[in-house]
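One structure is given here, and the rest of the page talks about it.
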Number of protein chains: 2
Amino acid sequence: MSLEKFRLTSQNCCDCQIRYRAVCAHCENDELAQLENIKFYRSFEPGQTVVWAGDRMDFVASVVSGVATLNQTMEDGRRQMVGLLLPSDFVGRPGRLTATHDVTAVTDLVLCCFRKAPFERLIRDVPHLGSRLLEMTLDELDASRQWMLVLGRKAAREKIASLLAIVAQRMAALAGDRTPDAGMAGAGMAGGPASGPAEPGLLSFDLPLTREAMADYLGLTLETVSRQMTALKTDGLIRLEGARRIVIPDLPRLVRAAGDDADGGMVDQTR
Amino acid sequence: MSLEKFRLTSQNCCDCQIRYRAVCAHCENDELAQLENIKFYRSFEPGQTVVWAGDRMDFVASVVSGVATLNQTMEDGRRQMVGLLLPSDFVGRPGRLTATHDVTAVTDLVLCCFRKAPFERLIRDVPHLGSRLLEMTLDELDASRQWMLVLGRKAAREKIASLLAIVAQRMAALAGDRTPDAGMAGAGMAGGPASGPAEPGLLSFDLPLTREAMADYLGLTLETVSRQMTALKTDGLIRLEGARRIVIPDLPRLVRAAGDDADGGMVDQTR
DNA sequence: CGGCCGATTGAAGACCCTCAAGTCGCGTGG
DNA sequence: CCACGCGACTTGAGGGTCTTCAATCGGCCG
């Protein structure tokens, strides 16, 4: 099983599915070669823990395929998901010895790992690597601040809509990178591409999260998540095919239900 | 007024209060000289807006003295604070044309600004600068994820305690850098230093936030903040001297009330 | 003094959580 | 084939926490 996954993943950076999205995105071929020297792949099955918070972590990594979560836990058991890691996302922190959060695979997961010490050297010596990592970290920071608004100020229904809209958009962007059936478990699109303002924006995807994981992301209970999911379904904002497959008939409408502007709340360069 | 502030701030980087904490912390003297060429100071009064979300922003900056907030606003007026900027914190994002959040001064504020285009060049050319910015951004990301736990999973009382504990610790760390009365409005300590496990940890500081700002930070209403503040006061966890000055007789106890472990959860994970 | 702003306090109710059944899908084994 | 068990999900009823709306208090400044 683990070996099978191993073989599915190209060992050659040039053919890699996340070649132009991951931390290595801006690297030239010679720089890629240096990364190849210190990289190795690791596979995980759903539910497996990649690292526990506080554990020593001797590598950093890119998610090649699959989905993982970053979780924070309190002593009494309360949990908050603080990151949802999709393909091309970066795991771990250069310049730190131990992990700050639990990292858990929620689907079959393949990581492209780099030994930490040499990676830290490359960050210094390869400008394209350091600048890309900075850029990705700044993006992560923006995303996590966006999420603070969701957690702090949105009602349960808006929270669910926000999660679905964001995952849908990220899945669609990833699916655009490659053949629809490659890599991520079940990720793909039906209907037209996500962009195009005249289009209804029909798209569908497998949401690889249990109700409990969604609740942990949104600061809700799983019961509330379930109730709001059926509410969104009866209101026609989403359709459910089985428990996991989500169909979004009208993305702008869902985005409005999330409390954001129809354009997705992203950059607004006017004013 | 603005001129007075201007003069209070040293123009010489070597004498700067935030010399060893800000983005320039790791720079050598010659590198500092390059920064000095592109820097300029700007002062703001309480309530003034530094930039609006969506506005074009031609500089990045370090907070020299005072406190500012990073706010996100929804169309219907709901607001969430996504960052609390204290001296040495970095403002703005290299590689982006417009601001993503409102930045507002909550006290008298002095920014050490760098023109963006040349600063972006320095990030590439001066390794000490780029690596420090990456480090600070990773720290910010950790802090914002810590805050997601507060927003998503903590009760009102724990939220307040978390805010007070974090601000107290940051203020104490800053005050340790320099003479107690320099720079930040009213920031200082009474009693022993914050560290030292045998000590009760008595400390006090001016909390430069209105109840409304605290509510915006915590995802609460200002009424709830007020109620929980008086509850903490009657329970002896804090004392109030006037509306703004906070005395914390027993920091570990406050940290426990925040739901965190007594060590503060902020484990020093440096290599 | 009067006006204003921030903070406090009170009462009623909405929203979400807690606890508890009950359902659905699916693989196992009698 | 169907009973059984298991995990994920759904649905229901009741209660608690926080919000909402409103009145009051207190300090500051003209």
Side-chain angles (χ1 to χ4, degrees), chain A residues 45-47 69 74 76-80 104 106-107 150-164 186 206-235 238-246 257 259, chain B residues 45-48 69 74 76-80 104 106-107 150-164 206-235 238-246 257 259:
Chain A
E45 291 172 28
T69 61
M74 293 171 67
D76 60 9
R78 281 178 282 177
R79 274 195 322 188
Q80 175 66 47
T104 309
V106 295
T107 65
V150 174
L151 287 173
R153 290 303 184 193
K154 291 194 179 178
R157 182 188 167 92
E158 296 172 316
K159 287 183 175 183
I160 303 283
S162 297
L163 174 62
L164 295 178
D206 273 348
L207 184 68
L209 300 178
T210 65
R211 296 288 182 261
E212 189 179 17
M214 294 174 69
D216 283 344
Y217 205 158
L218 298 166
L220 298 171
T221 59
L222 66 92
E223 294 95 331
T224 301
V225 170
S226 182
R227 275 185 255 270
Q228 296 297 335
M229 286 288 284
T230 61
L232 288 179
K233 186 177 67 176
T234 49
D235 291 353
I238 59 173
R239 269 174 293 168
L240 300 178
E241 298 178 351
R244 294 291 177 82
R245 185 153 201 90
I246 312 277
Chain B
E45 291 172 29
Q48 272 193 303
T69 61
M74 294 171 66
D76 60 8
R78 282 178 281 178
R79 273 195 323 187
Q80 175 66 48
T104 309
V106 295
T107 66
V150 174
L151 288 172
R153 290 302 185 194
K154 291 195 179 178
R157 182 189 168 92
E158 295 172 317
K159 286 183 176 182
I160 304 283
S162 298
L163 174 62
L164 295 178
D206 273 348
L207 184 68
L209 300 178
T210 64
R211 296 289 182 261
E212 188 179 16
M214 293 173 70
D216 284 344
Y217 204 156
L218 298 166
L220 298 170
T221 59
L222 67 91
E223 293 96 332
T224 301
V225 170
S226 182
R227 276 185 254 269
Q228 297 296 337
M229 286 287 284
T230 61
L232 289 179
K233 187 177 66 176
T234 49
D235 291 353
I238 59 173
R239 268 173 294 169
L240 300 179
E241 297 178 353
R244 295 292 178 82
R245 185 153 201 89
I246 312 276

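Between the CG atom of A:Leu222 and the P atom of D:dG7 there is a distance of 15 Å, rounded to whole Å. Spacing between atom CG of B:Leu151 and atom C1' of C:dC16 amounts to 17 Å, rounded to whole angstrom units. Atom CE of B:Met214 and atom C1' of C:dG6 are 13 Å apart (whole Å). Going from atom CD of A:Glu241 over to atom P of C:dG25 covers 14 Å, rounded to whole Å. Taking atom CE on A:Met229 and atom C1' on D:dT11, their separation rounds to 15 Å, with Å as the unit. Whole-Å rounding puts the A:Leu240 CG to C:dG25 P distance at 13 Å. With rounding to whole Å, B:Glu212 atom CD is found 15 Å from C:dT8 atom C1'. The CZ atom of A:Arg211 sits 15 Å away from the P atom of C:dC24 (whole-angstrom rounding).
In this structure, the side chain of B:Glu158 does not engage the main chain of B:Ala257 through any donor-acceptor pair within 3.5 Å.
Applying the salt bridge (charged side-chain N to carboxylate O under 4.0 Å, His left out) test to pairs two or more places apart or on separate chains, none has a residue in residues 219-233 of chain B.
In summary, A:Arg153 and B:Asp76 do not engage in a salt bridge, as defined by a charged side-chain N under 4.0 Å from a carboxylate O.
The side-chain contact (heavy atoms from CB on, under 4.5 Å) check on B:Glu212 picks up B:Arg79, B:Thr210, B:Asp216, B:Leu222, with sequence neighbours excluded. Take B:Arg211 and apply the salt bridge (charged side-chain N to carboxylate O under 4.0 Å, His left out) test, not counting sequence neighbours, and it matches no residue. In this structure B:Thr104 satisfies the side-chain hydrogen bond (donor to acceptor under 3.5 Å, both in side chains) test with no other residue, sequence neighbours excluded.
The residue A:Ser226 sits close to a base: some heavy atom pair falls under 4.0 Å.
Two residues are said to be in side-chain contact when any heavy atoms from C-beta on lie closer than 4.5 Å; A:Leu232 and A:Arg239 fail this criterion. A:Met214 is listed as a side-chain neighbour of A:Met229, based on a closest heavy-atom distance under 4.5 Å.
Each end of the helix from C:dC1-D:dG30 to C:dG30-D:dC1 gets its own axis from five base pairs, and the two axes differ in direction by 10°, given to 10 degrees.
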- For every nucleotide of nucleotides 16-30 of chain D, 5' to 3': is a protein heavy atom under 4.0 Å from its base (B), only from its sugar-phosphate (S), or from neither (-)? --SBBBB--------

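To the nearest 0.5 angstrom, A:Leu218 atom CG is 5.0 Å from A:Ile160 atom CD1.
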